[in-house]
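This is a predicted model, so every value here is computed, not measured.
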Amino acid sequence: AIGVKLAHPNRPIDYKYARYDLKEKKIIAWEKGENRRLEPPKGASCQVVTDEGFREPAGNWKGAGVAVPVFSLRSDRGVGVGEFTDLLPFIDWAKKTGLKMVQILPVNDTTANYTWTDSYPYSGISVFALHPMYLNVEEMGRVKDHKVRKALSTERERLNAKTQIDYVAVMEAKWAYIRALYKQEKESFIQDENFRAFFEVNKDWLLPYGAFCALRDRNKNSNYNEWPEFSSFDRK
């Protein structure tokens with residue numbers, strides 16, 4: 001959002017969009033066509049809610065691409081489901097075949113009931129949070145407990161042998177490893193500069209999301225209207 005103080009608020013404003021290179025600190029392209037015009041506001045202020053997209057100087061860009069659900073990119077490294085790390089070789093393949101775009105189906109967290117009904121990708125509980133199902137848990141860190149690592153290895157072999165995704169079993173296997181890793185690394189994780197930076201940038205959505213997840217688990221119910229307390233949102 002951009003706020004602009006007008007020296008002459010009663011006059012129409014002509015403007016045009018440009019593409020600015022942050023590294024070079026210069027405009028690299030102006031949009032084509034006539035200037036856009038904003039008529040004088042009738043009140044003390046004017047808020048432009050929406051506008052047309054950038055008019056490319058060379059016309060609208062066209063390219064071929066491929067759409068794919070991440071859960072279908074199953075590999076031996078995964079635990080019964082395609083994972084974010086499986087996107088990397090898939091993108092390499094797309095580049096080699098001359099494709100210009102990779103579109104993925106929704107990957108937002110859908111955890112509401114901890115049942116197979118959560119597998120529907122269009123029932124996100126957040127527009128920001130990604131689904132833990134797609135994490136490659138071993139890329140997050142190595143759990144020292146041999147029993148935890150052995151359990152994950154056993155479940156990987158069992159779940160990867162299935163022809164279909166066992167959503168509940170995949171989630172249980174991954175959460176067991178994630179919780180063990182968090183318990184092991186909690187103190188250093190909380191002090192990590194990268195985590196602190198991420199938290200500061202994302203706390204506007206991260207705090208209410210975290211509170212919702214904690215209350216959902218505490219009440220064993222994602223329907224906040226049925227919670228005995230904190231059923232109405234309050235940032236405090």
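Cation-pi geometry between R37 and Y15 is not satisfied (NZ or CZ under 6.0 Å from the ring centre, within 45° of the ring normal).
Atoms CZ and CG, on F199 and N194 in that order, are 15.0 Å from each other to the nearest 0.5 Å. Rounding to the nearest 0.5 angstrom, the gap separating the NZ atom in K23 from the CD1 atom in I28 is 12.0 Å. Atom CG of L38 is separated from atom CD1 of I13 by 5.0 Å, given to the nearest 0.5 angstrom. Of the inter-residue distances, the one linking H131 atom NE2 with I125 atom CD1 reads 8.0 Å to the nearest 0.5 angstrom. With rounding to the nearest 0.5 Å, the separation of CZ in R196 from NZ in K203 is 12.0 Å. Atom-to-atom distance recorded for D21:CG and K26:NZ is 7.5 Å, nearest 0.5 angstrom.
Summarising the local packing, NZ of K16 is surrounded by more than 12 heavy atoms from other residues, nucleotides or ligands at distances under 6.0 Å.
Within the 6.0 Å centre-distance limit, the rings of F84 and Y134 are counted as a close aromatic pair. Ring centroids of Y167 and W116 are separated by 6.0 Å or more, keeping the two rings apart. The ring of Y182 has its center no closer than 6.0 angstrom to the ring center of W175. F212 has its ring centre no less than 6.0 Å from the ring centre of Y224.
Looking only at distances, a side-chain donor or acceptor of Q184 sits under 3.5 Å from a matching main-chain atom of R142. Panel note: side chain R55, backbone K32; a donor-acceptor pair is recorded below 3.5 Å.
Residues F198 and L135 are members of separate hydrophobic clusters, defined by side-chain heavy-atom contacts under 4.5 angstrom among Ile, Leu, Val, Met, Phe, Trp and Tyr. In the hydrophobic cluster analysis, where Ile, Leu, Val, Met, Phe, Trp and Tyr join through side-chain heavy atoms closer than 4.5 angstrom, L105 is grouped apart from M133. Both V81 and I178 belong to a single network of hydrophobic side chains, linked directly or stepwise wherever heavy atoms of I, L, V, M, F, W or Y lie under 4.5 Å apart. In terms of hydrophobic clustering, with Ile, Leu, Val, Met, Phe, Trp and Tyr side chains grouped at heavy-atom distances under 4.5 Å, V170 and Y120 are assigned to different clusters. Note: the hydrophobic cluster containing I165 also contains V137 (ILVMFWY, side chain heavy atoms under 4.5 Å, direct or indirect links).
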Verdict with reasoning, T85 to E139, per side-chain contact (heavy atoms from CB on, under 4.5 Å): CA-CA 9 Å; T85 49; E139 286 290 328; 4.0 Å; yes
Under the side chain to side chain donor-acceptor pair (under 3.5 Å) rule, what do S126 and N108 come out as? Steps first, then yes or no, please. CA-CA 7 Å; S126 169; N108 298 87; 5.5 Å; no
Tell me, with the steps shown, if Y114 and D217 meet side chain to side chain donor-acceptor pair (under 3.5 Å). CA-CA 10 Å; Y114 287 99; D217 293 351; 3.1 Å; yes
Test side-chain contact (heavy atoms from CB on, under 4.5 Å) on K186 and Q191 and set out the steps. CA-CA 9 Å; K186 178 180 178 180; Q191 300 301 323; over 6 Å; no
L215 vs W227, test: side-chain contact (heavy atoms from CB on, under 4.5 Å). Steps then yes/no. CA-CA 8 Å; L215 291 166; W227 294 348; 3.6 Å; yes
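By the side chain to side chain donor-acceptor pair (under 3.5 Å) test, E157 pairs with no residue at all, sequence neighbours left out. With sequence neighbours excluded, no residue forms a side chain to side chain donor-acceptor pair (under 3.5 Å) with D166.
Side-chain contact check for N136 versus M140: every heavy-atom pair is 4.5 Å or farther apart. R216 is listed as a side-chain neighbour of T111, based on a closest heavy-atom distance under 4.5 Å.
Contact between R235 and P208 at its shortest, heavy atoms only, is NH1-CD, 4.4 Å. Nearest heavy atom pair, residue P106 against residue P121, reads CB-O, 3.4 Å. Pairing each heavy atom of W30 with each of Y17, the nearest pair is CE3-O, 3.7 Å. The minimum heavy-atom distance between N160 and V79, with the atom names listed, is OD1-C, 3.8 Å. Closest of all the heavy-atom pairs between N113 and S222 is OD1-OG, 3.7 Å. Taking every heavy atom of both residues into account, L152 and A173 meet most closely at CD1-O, 4.1 Å.
Between R19 and E56 there is a salt bridge, since a side-chain N of the basic residue sits under 4.0 Å from a carboxylate O of the acidic one. Taking 4.0 Å as the cut-off between side-chain N and carboxylate O, E83 and K174 count as a salt-bridged pair. Using a 4.0 Å cut-off between charged nitrogen and carboxylate oxygen, R158 and E155 count as a salt-bridge pair. Salt-bridge annotation for E138 and R156: present, with a side-chain N of the basic residue lying under 4.0 Å from a carboxylate O of the acidic one.
Judged purely by distance below 3.5 Å, without hydrogens or angles, the side chains of D109 and Y209 pair a donor atom with an acceptor atom. No side-chain N or O of S231 forms a donor-acceptor pair with one of N225 less than 3.5 Å apart.
Note: F195 and F189 have tilted aromatic rings, judged against thresholds of 30 and 60 degrees for the angle between ring planes.
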Please output the side-chain donor-acceptor pairs of residues 87-104 that fall under 3.5 Å, not counting sequence neighbours, one pair per line with the distance.
from, atom 1, to, atom 2, distance (Å)
T97, OG1, W93, O, 3.2
T97, OG1, A94, O, 2.9

